[in-house]
Amino acid sequence: MAAVTPTADANAILRAPDLDSAERAYLGLLPDRDHVDALTRRALGLSRGADAARGYALSMTLVGLRLQELEMGEPCAAEYRQATLRSLRQAFTAA
């Protein structure tokens, strides 16, 4: 079972100085299904607080993206990951 990663780590993807750094943070946070499950459980646990909505939304978005990638397989996922992260960073920065 993967160690639970704090939801705050998801924000590293938004704070990364460039897309390559964001991609490394993303893959470091969600390298496999065990980590996806751990982040999901952590986000659900934290979602009960009023101030946690943004962290919950970001975490669950990342979980959905990574699950989709894991279904595709790495070669296909790698082709579109940076464009997806660019859009995600723009959306959450604007919010």
Would you say that [X] contacts [Y] through its side chain, given a criterion of any heavy-atom pair below 4.5 Å between the two side chains?
| X | Y | answer |
| --- | --- | --- |
| Glu69 | Thr84 | no |
| Arg81 | Arg66 | yes |
| Arg42 | Tyr56 | no |
| Leu88 | Leu58 | yes |
| Leu65 | Tyr26 | yes |

Item to check | Ile13/Phe92 under side-chain contact (heavy atoms from CB on, under 4.5 Å): CA gap, chis, key distance, verdict | outcome: CA-CA 10 Å; Ile13 295 161; Phe92 275 88; over 6 Å; no
Next on the checklist: Taking Ala16's backbone N and O only, do any of them form a donor-acceptor pair with Arg89's side chain (distance below 3.5 Å, no angle check)?
Outcome noted: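 Between the backbone of Ala16 and the side chain of Arg89 there is a qualifying donor-acceptor contact (under 3.5 Å).
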Next on the checklist: Using a 3.5 Å distance criterion without hydrogens, assess whether the side chain of Asp32 forms a donor-acceptor pair with backbone atoms of His35.
Outcome noted: yes
Please round to the nearest 0.5 Å and tell me the distance separating atom [atom1] of [X] and atom [atom2] of [Y].
| X | Y | atom1 | atom2 | value |
| --- | --- | --- | --- | --- |
| Cys76 | Gln68 | SG | CD | 9.0 Å |
| Asp34 | Leu39 | CG | CG | 13.0 Å |
| Ser59 | Leu29 | OG | CG | 7.5 Å |

Item to check | Contacts of type side-chain hydrogen bond (donor to acceptor under 3.5 Å, both in side chains), residue Arg33, not counting sequence neighbours | outcome: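 Counting only residues at least two positions away or on another chain, Arg33 forms a side-chain hydrogen bond (donor to acceptor under 3.5 Å, both in side chains) with Glu71.
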Item to check | Shortest non-hydrogen contact from Leu62 toward Leu30 | outcome: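 Taking Leu62 first and Leu30 second, the nearest heavy atoms are O-CD1, 3.6 Å.
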Item to check | Contact summary for Ala43 and Met60, nearest pair of heavy atoms | outcome: CB-SD, 4.1 Å
Next on the checklist: According to salt bridge (charged side-chain N to carboxylate O under 4.0 Å, His left out), who are the partners of Glu79, at least two apart in sequence or on a separate chain?
Outcome noted: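 Listed in chain order: nothing, the list is empty.
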Checklist entry - Going by atom types alone, do Asp18 and Ser21 pair a side-chain donor with an acceptor below 3.5 Å? => result yes
Item to check | same_hphob_cluster(Leu85, Met72) at 4.5 Å side-chain heavy-atom cutoff | outcome: no
